[in-house]
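For reference, the structure is listed below as structure tokens.
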Amino acid sequence: MKKLFLTIGFAAGTLLLAAQPQVVAHRGFHAAEGSWENTVSSLRNAQKLGVYGVEFDVNMTADDSLIVYHGPKILDTKLHAQKNRFAEIRAVKLPGGLEIPTLREFFAQGQKGPSTKLILEIKKHATPQRETQVVEAILRLAREMRLVPQIEFISFSRHACDEVLRLQPDAVVVYVSSDMAAMSPAEAKKRGYGGLSYQLNVLMNRPELVDEANRLGIATTLWMVNDCELIDWAARHGITYVSTDCPDKAEAYLEAVAAYKNKK
């Protein structure tokens with residue numbers, strides 16, 4: 001992985017007139033010592049860092065428990081995030097002795113940092129019917145804990161995205177894809193989505209999608225952004241958010257660029 005923050009010399013020329021993207025911590029700030037991705041620890045670390053938001057993954061277990069874990073396979077086991085029961089999954093210890101959190105536990109930490117957006121990815125499930133159950137359960141909990149305004153719902157599943165809006169019309173919904181034939185911003189706007197989150201190869205090969213999104217008022221997220229050149233590209237092209245595994249370094253780099261701008 002390239003170092004994010006070496007010098008602002010390159011940034012000075014490329015970012016001077018560009019709006020800076022905001023930072024999303026991919027699966028939380030898990031690079032911090034003693035942490036792990038998609039844990040309460042990674043969320044707490046990101047809140048302390050002060051990034052725009054924390055992206056995390058939600059699956060529903062075989063016995064209908066909502067857990068925060070990328071999956072589908074559970075680390076170093078034969079367990080499956082959607083095919084096994086919660087008690088089996090909970091018994092697994094992550095590095096550092098950390099636990100796979102329930103969504104309720106993750107939300108409880110989220111409440112402690114209301115300025116940090118919760119970028120909740122609804123993982124694809126086996127059938128549209130199951131995805132509807134997942135969306136219903138997530139929204140029920142989010143409403144109970146009064147967190148809907150703090151959440152941005154994202155998914156690779158168009159069905160899940162549509163179900164969120166059907167059940168919560170005021171929700172912020174973002175469609176995610178790594179497909180070169182990705183959904184256009186015009187279609188996203190027509191469906192009521194507030195944004196598009198695309199893998200870097202999509203947007204870097206089709207920058208016209210960013211231009212169209214900006215014209216239509218659709219937010220864009222670029223992932224994964226783990227070096228300064230990609231942050232520069234995102235800024236030059238008007239990307240709204242960058243999702244990164246190194247949120248601390250991305251924040252430091254952008255702060256350095258901002259400081260340089262203020263001296264001009």
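Residues take their numbers from the sequence shown, with the count starting at 1.
- Applying the salt bridge (charged side-chain N to carboxylate O under 4.0 Å, His left out) test to residues at least two apart or on different chains, none of the pairs has a partner in residues 67-76.
- Closest heavy-atom contact between Leu222 and Ala234: CD2-CB, 4.1 Å.
- Partners of Glu152 by salt bridge (charged side-chain N to carboxylate O under 4.0 Å, His left out), not counting sequence neighbours: none found.
- Contact of the Pro101 side chain with the Phe106 side chain is registered, since non-hydrogen atoms from C-beta on lie closer than 4.5 Å.
- No single ILVMFWY cluster, assembled from side-chain heavy atoms under 4.5 Å apart, contains both Ile119 and Leu66.
- With 3.5 Å as the limit, one finds no donor-acceptor pair spanning the side chains of Glu55 and Ser243.
- Shortest non-hydrogen contact noted between Met60 and Ala137 is CE-CB, 3.6 Å.
- For the pair Leu43 and Leu118, the minimum side-chain heavy-atom distance is below 4.5 Å.
- Side-chain atoms of Leu103 and Leu141, non-hydrogen and from C-beta on, do get closer than 4.5 Å to each other.
- Side-chain polar atoms of Asp63 and Thr61 form a donor-acceptor pair below 3.5 angstrom.
- Listed here is the closest heavy atom pair of Ala160 and Ile122: CB-CG2, 4.2 Å.
- Between Thr221 and Val242 there is no side-chain heavy-atom pair separated by less than 4.5 Å.
- A salt bridge links Glu121 to Lys123: at least one charged side-chain nitrogen sits closer than 4.0 Å to a carboxylate oxygen.
- Scanning all heavy atoms of the two residues, the minimum distance from Ile218 to Pro185 falls at CG1-O, 4.1 Å.
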Next on the checklist: Could you go through Cys228 and Tyr253, starting from their C-alpha distance and side-chain angles, then the distance that decides it, and tell me whether this counts as side-chain contact (heavy atoms from CB on, under 4.5 Å)?
Outcome noted: CA-CA 7 Å; Cys228 60; Tyr253 181 74; 3.5 Å; yes

Next on the checklist: Run the side-chain contact (heavy atoms from CB on, under 4.5 Å) test on Val24 and Val54 for me, step by step, so that the C-alpha distance in whole Å, both residues' side-chain angles and the decisive distance to 0.1 Å come before the verdict.
Outcome noted: CA-CA 5 Å; Val24 172; Val54 172; over 6 Å; no

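- Judged by distance alone, the side chains of His70 and Asp57 never bring a donor and an acceptor atom under 3.5 Å apart.
- Annotation: side chain of Arg44 is not in contact with side chain of Leu49 (no heavy-atom distance under 4.5 Å).
- Residue pairs that meet the salt bridge (charged side-chain N to carboxylate O under 4.0 Å, His left out) test with at least one member in residues 207-217, sequence neighbours left out, are Arg206-Glu208.
- Side-chain polar atoms of Asp170 and Gln168 form a donor-acceptor pair below 3.5 angstrom.
- Contact between Ser35 and Ser41 at its shortest, heavy atoms only, is OG-OG, 2.9 Å.
- Residues satisfying the side-chain hydrogen bond (donor to acceptor under 3.5 Å, both in side chains) criterion with Ser184, sequence neighbours excluded, are absent altogether.
- In terms of heavy atoms, Gly192 sits closest to Leu165 at O-CD1, 3.5 Å.
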Give every donor-acceptor pair under 3.5 Å between a side-chain atom in residues 193-202 and any protein atom, sequence neighbours left out.
residue	atom	partner	partner atom	Å
Tyr193	OH	Asp162	OD1	2.6
Tyr193	OH	Arg191	NE	3.1
Ser197	OG	Trp223	NE1	3.2
Tyr198	OH	Met183	N	3.0
Tyr198	OH	Met183	O	2.6
Gln199	OE1	Asn201	N	2.8

Item to check | Chi angles and distances behind the side-chain contact (heavy atoms from CB on, under 4.5 Å) call for Arg166, Thr132 | outcome: CA-CA 10 Å; Arg166 180 179 68 84; Thr132 295; 4.1 Å; yes

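- With side-chain heavy atoms closer than 4.5 Å counting as contact, directly or through intermediates, the hydrophobic cluster containing Ile89 also holds Trp36, Ile67, Tyr69, Ile74, Leu75, Leu79, Phe86, Val92, Leu94, Leu98, Ile100.
- With sequence neighbours excluded, the residues satisfying side-chain hydrogen bond (donor to acceptor under 3.5 Å, both in side chains) with Glu37 are Arg27.
- For the pairing with Gln109, the side-chain contact (heavy atoms from CB on, under 4.5 Å) check across Glu105, Gln111, Lys112 returns one residue only, Lys112.
- In this structure, Thr240 contributes its side chain and Thr220 its backbone to a donor-acceptor pair below 3.5 Å.
- By the side-chain hydrogen bond (donor to acceptor under 3.5 Å, both in side chains) test, Lys83 pairs with no residue at all, sequence neighbours left out.
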Checklist entry - Is there a salt bridge (charged side-chain N to carboxylate O under 4.0 Å, His left out) between Glu187 and Lys190 once you walk through the steps? => result CA-CA 5 Å; Glu187 182 181 351; Lys190 182 177 180 180; over 6 Å; no

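- Side-chain contact between Trp233 and Ile239 is present, with heavy atoms from C-beta onward closer than 4.5 Å.
- Gln133 pairs by the side-chain hydrogen bond (donor to acceptor under 3.5 Å, both in side chains) definition with Arg130, not counting sequence neighbours.
- The salt bridge (charged side-chain N to carboxylate O under 4.0 Å, His left out) contacts involving residues 95-104 comprise Arg90-Glu99, Lys93-Glu99, Arg104-Glu144, where partners must be two or more places apart or lie in separate chains.
- Counting heavy atoms from C-beta on, the side chains of Val164 and Cys161 never come closer than 4.5 Å.
- Inter-residue side-chain proximity for Val225 and His26 is flagged as unmet; no heavy-atom pair is nearer than 4.5 Å.
- With sequence neighbours excluded, the residues forming a side-chain contact (heavy atoms from CB on, under 4.5 Å) with Gln22 are Tyr52, Tyr241, listed by chain and number.
- If you check the side chains of Ser157 and His125, you find no donor sitting under 3.5 Å from an acceptor.
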Checklist entry - Would Thr244 and Lys249 count as a side-chain contact (heavy atoms from CB on, under 4.5 Å) if you check the C-alpha gap in whole Å, the side-chain angles of each, and the deciding distance to 0.1 Å? => result CA-CA 9 Å; Thr244 175; Lys249 295 178 182 179; over 6 Å; no

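- By the salt bridge (charged side-chain N to carboxylate O under 4.0 Å, His left out) test, Lys117 pairs with no residue at all, sequence neighbours left out.
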